[in-house]
Asker: 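So that we are looking at the same thing, I have put the structure below in structure tokens.
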Amino acid sequence: MKDTSLTARHIPDRLDSPLRAALLSWPSLLLAVAIALFVLNALASPYFLSPWALSDATFNFTEKAIIALAMALLIISGEIDLSVASIIALASTMMGLALQFGVGTPGLVAIGLLTGAACGVFNGLLVTRLALPSIVVTIGTMSFFRGISYITLGDQAFKGYPPSFWYFGQGYVWWVISFEFALFLILAVLFYVLLHRTNFGRQIFVIGNNPVAARFSGVRVERVKFLLFCLTGLMSGVAAVLLTARLASTRPSIAVGWELEVVTMVVLGGVNILGGAGSIQGVVIAAFIMGLVTFGLGLLNVPGIVMSIFIGALLIAVIALPILVRRLRERLTR
Amino acid sequence: MTEPTLALTGISKSFPGVKALNGVSLELYPGEVTALIGENGAGKSTLVKVMTGIYQPDEGQIAVAGTPVTLPSAHAAFEKGITAIHQETVLFDELSVAENIFLGHAPRTRFGTIDWRGMRAEAQRLLTGMGASHISPSARLKELGIANKHLVAVARALSIKADIVIMDEPTAALSHREIEELFALIDMLRRDGRAILFISHKFDEIYRIADRFTVFRDGEMVGKGMVGETGQDEIVRMMVGRSVDQVFPKQEIAIGAPVLRVSGLSHPTEFADISFELNEGEILGFYGLVGAGRSEVMQAIFGITQPSGGTITLDGQPVAPRSPADAVAAGIVYVPEERGKQGVVTELPIFQNISLPSLGKTSRHGFLRLAEEFALSRDYSERLDLRAASLSQSAGTLSGGNQQKVVIAKWLATRPRVIILDEPTKGIDIGSKAAVHAFMGELVAQGLSVIMVSSELPEVMGMSDRIVIMREGRIAGTYANDGRLDAETLVRMAADIAETAA
């Protein structure tokens with residue numbers, strides 16, 4: 001077949017309407033699940049629907065969700081950072097140390113954020129300069145960062161954070177809207193724009209899908225990955241400030257196991273664990289789902305150990321489900 | 001006439017957009033070496049995959065020792081006594097030599113466990129019988145060089161008593177002495193009565209080792225015979241075949257001043273002392289055998305690998321790209337041979353593939369502007385006559401030819417000075433080939449300069465203004481393509497065949 005017509009053939013931008021595509025997407029499905037959980041919670045407990053109860057519920061997930069925003073970008077690019085919880089511990093310890101030298105609230109916040117960013121730089125250099133797999137590097141730094149925390153603190157705790165510092169973890173911006181929650185919402189919008197509306201975000205997707213073709217297309221792959229590790233470290237620093245302010249103390253065991261909950265949140269949000277696909281909308285809704293589930297189980301007096309079983313099961317289910325659905329569909333079309 | 005050990009008749013195999021094999025036949029006789037000859041893309045590798053059960057033919061019969069068989073899997077081919085020794089033979093680096101030889105058919109003890117001692121002894125016996133007693137059966141395979149790995153592969157073939165041994169360019173990575181050792185081994189297999197298929201580009205090797213030959217061109221069998229009764233020129237003519245002056249849309253363009261100048265470019269292992277000039281409005285062809293180092297030179301110019309020496313100047317300015325991003329910024333772009341791996345991001349939509357290197361232009365302050373991206377993509381897709389349902393379709397759903405158009409569109413949108421095309425029409429259908437060729441003509445008409453790496457003679461001779469021939473990492477010659485240059489000379493230069501008395 002040879003088309004010899006001189007007029008160029010017109011190729012449309014898209015065939016499906018974007019609205020239709022959005023309705024069938026994973027975030028839409030998640031939203032339905034979130035609404036169902038909300039209704040279930042409301043039916044299960046008479047206290048759930050009060051504004052203050054709902055406000056309290058948000059504290060369960062905002063700190064983790066803030067890290068999940070950056071982690072989503074990192075996982076979409078094909079990397080992962082398992083040291084985030086340990087970064088919280090180290091950042092919190094550094095703030096506690098600074099407190100012993102009489103550093104005030106602005107200084108404490110700056111130290112928390114800087115420690116987080118520095119840990120991110122460290123991870124990023126190891127992964128991009130030495131070309132090591134990030135899962136191995138960050139399992140290493142996971143022990144390393146928390147190890148420093150344990151050496152510094154032993155079985156002690158730093159206490160005595162000034163009340164002005166508490167605001168970041170306990171304060172309210174307006175009525176029942178906590179500072180933490182407001183910050184999460186603002187960051188969610190910023191990350192949405194970064195991932196879905198900028199050149200940088202587009203490059204993240206390209207790298208996650210095919211790092212070789214990305215490089216062959218002139219994308220500076222290592223630079224993008226390095227910046228994403230820094231960003232994840234910085235967000236862990238933010239979470240460290242919030243959590244330390246909420247607890248008003250630092251122990252070396254702070255935020256133990258959070259890395260898995262953060263990754264669960266990201267994967268539940270529809271981010272492909274192998275990289276290349278995902279959305280911030282999905283991660284935000286997934287954060288709410290995790291919050292609703294934990295809060296709902298809490299209202300029903302389910303012990304914490306059962307909750308961790310539940311979260312583990314949820315993680316396996318969300319990873320396995322899309323694969324099972326695809327296999328089923330392939331079998332049906334065959 | 002003896003019955004062939006393996007007979008393939010009327011084998012056809014199609015892939016989306018390409019007919020790789022079209023009714024080809026091949027016979028292998030016991031105790032004889034048959035050479036399979038053809039240009040790259042002639043269908044040799046596809047045929048090997050059919051013979052080893054990796055591909056299923058669309059049509060045609062396969063008979064082993066006169067009995068029709070089907071080869072639904074690699075294992076089935078193995079059981080029928082067919083084994084292949086590839087350039088990159090499928091062996092296991094972490095296993096021992098003996099384990100590699102006997103994988104899948106290891107001798108057993110009474111208790112059903114592997115008889116390790118017996119296995120090592122048998123491996124030693126096989127290797128010694130091959131004159132390869134220097135290889136220890138308990139050595140890890142990764143400790144061996146490529147030549148010794150080949151020997152292990154041959155030992156494996158002997159151990160399964162394979163009657164049909166396929167050698168796909170086995171000498172590509174071997175030294176002269178190692179090649180002689182391999183040939184001694186082939187002689188041994190031949191005396192043993194095995195049927196051997198020997199695939200090589202090198203005529204001296206074919207004349208040294210083969211009894212028969214079969215020539216493939218464009219997925220069809222175009223000739224066969226006895227090597228001893230056929231002259232080299234005749235085989236070259238069969239291989240090149242179709243009149244080289246087939247219609248190529250090459251227009252006469254005034255060649256301008258030098259644009260790209262490469263001098264003394266060297267790499268520790270891949271190439272040495274590469275010097276050439278590329279002029280404005282010129283198509284410079286790079287011809288050579290696979291492994292001659294052409295792609296490696298181009299990738300160094302594009303900043304993917306770092307050369308160990310030499311200089312590159314573009315428009316008189318020295319450039320030393322440390323990454324593709326640097327090269328693109330300087331105005332040098334590269335359309336890779338490995339389209340699916342290095343060219344397109346198959347999961348992403350067409351428009352995102354095309355706009356990727358031009359995002360700086362379509363965006364504002366780093367923020368995407370989809371309308372601009374679509375406009376840019378549409379402009380170049382339509383100029384290249386891309387066949388797609390929509391620009392939001394993922395690039396992986398396109399045929400090979402249309403994927404290639406996406407890659408070319410991506411680079412044209414950056415408005416480069418020099419475009420390097422590495423095997424631009426490899427594995428794509430005739431229609432897309434013509435579109436790519438036509439577009440190359442348009443490019444140079446607009447003052448771009450083109451480097452075209454190609455192993456297809458008609459393409460090189462039809463499109464190039466000048467032709468650089470590379471052999472074993474060095475430039476073997478540079479010719480003006482002015483009609484006096486003939487295909488046979490090119491093949492001889494590339495394969496280092498001495499001129500025969502005309």
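Per chain, numbering begins at 1; letters A, B, ... match sequence-line order. Model, not experiment: these values are computed from the prediction.
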Asker: Between B/L368, B/L391, B/L348, B/V407, which shows the greatest number of heavy-atom pairs under 4.5 Å with chain A?
Answerer: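 The option with the most such pairs is B/L368.
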Asker: With only heavy atoms counted, which part of B/N353 is less than 4.5 Å from chain A, the side chain, the backbone, both or neither?
Answerer: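 No part of it gets close to chain A.
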Asker: Among residues 408-418 of chain B, which residues come closer than 4.5 Å to chain A, judged by heavy atom distances?
Answerer: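 Result: B/K410, B/W411.
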Asker: Are any of the side-chain heavy atoms of B/S454 and B/F286 separated by less than 4.5 Å?
Answerer: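 They are not in contact (no side-chain heavy atoms under 4.5 Å apart), so the answer is no.
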Asker: Without swapping roles, check the side chain of A/N210 against the backbone of A/V212 for a donor-acceptor pair under 3.5 Å.
Answerer: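 Side chain of A/N210 to backbone of A/V212: a pair is present.
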Asker: Can you list the steps and then say if B/R378 with A/D13 is a salt bridge (charged side-chain N to carboxylate O under 4.0 Å, His left out)?
Answerer: CA-CA 8 Å; B/R378 164 153 323 98; A/D13 286 350; 2.4 Å; yes
Asker: Select, from B/E338, B/E347, B/Q299, the one with the greatest count of heavy-atom pairs under 4.5 Å involving chain A.
Answerer: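 Max contact count across the listed options: B/E347.
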Asker: Just give me the residue among B/V333, B/T362, B/L356 that pairs up with chain A most often, heavy atom to heavy atom, under 4.5 Å.
Answerer: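 Looking at each option in turn, the highest pair count goes to B/L356.
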Asker: Donor-acceptor pair, distance only, cut-off 3.5 Å: does the side chain of B/Q403 make one with the backbone of B/L398?
Answerer: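 The answer is yes, because a donor-acceptor pair under 3.5 Å joins these two groups.
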Asker: Using a distance-only test with no angle check, is there a side-chain donor-acceptor pair under 3.5 angstrom linking A/E259 and A/S83?
Answerer: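 On atom types as modelled, these side chains do not qualify, holding no pair under 3.5 Å.
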Asker: Looking at B/D422 and B/R339, does any basic side-chain N land under 4.0 Å from a carboxylate oxygen?
Answerer: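 Answer for the salt bridge query: no.
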Asker: Run the salt-bridge test on B/R294 and B/E270 with the 4.0 Å N-O cut-off and return the result as yes or no.
Answerer: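 Here B/R294 does not pair with B/E270 in a salt bridge, since their nearest N and O are not under 4.0 Å apart.
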Asker: Looking at A/G201, A/G218, A/A214, which makes the most heavy-atom pairs under 4.5 Å with chain B?
Answerer: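 Of the options given, most contacts go to A/G218.
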Asker: Specify which of B/F374, B/F302, B/F351 makes the most heavy-atom pairs with chain A at under 4.5 Å.
Answerer: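 That would be B/F374.
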Asker: Can you classify the ring geometry of A/F205 versus A/H196 as parallel (below 30°), tilted (30 to 60°) or perpendicular (above 60°)?
Answerer: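 Rings of A/F205 and A/H196: tilted, 30 to 60°.
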Asker: With chain B, which of A/N209, A/N199, A/L194, A/V193 has the greatest number of heavy-atom pairs at distances under 4.5 Å?
Answerer: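 With the most close heavy-atom pairs to chain B, the winner is A/N199.
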Asker: Given a strict heavy-atom distance threshold of 4.5 Å, which part of B/I350 is in contact with chain A: side chain, backbone, both, or neither?
Answerer: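 For B/I350, no heavy atom lies under 4.5 Å from chain A.
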Asker: Please check: side-chain N/O of B/H267 versus main-chain N/O of B/T269, any donor-acceptor pairing under 3.5 Å?
Answerer: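 Flag set: sc B/H267 to bb B/T269 pair under 3.5 Å.
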Asker: Please state whether the side chain, the backbone, both or neither of B/P357 comes within less than 4.5 Å of a heavy atom of chain A.
Answerer: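 Interface part for B/P357: both.
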Asker: Given that the side chain runs from C-beta out, which part of A/R215 has a heavy atom under 4.5 Å from chain B: side chain, backbone, both or neither?
Answerer: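 Contact with chain B is through both the backbone and side chain of A/R215.
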Asker: Look at A/R202 together with B/E373 and state whether they make a salt bridge at an N to O cut-off of under 4.0 Å.
Answerer: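 Yes, this pair counts.
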Asker: When rounded to the nearest 0.5 angstrom, what is the spacing between CZ in A/F191 and CD1 in A/I186?
Answerer: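 The distance works out to 13.0 Å.
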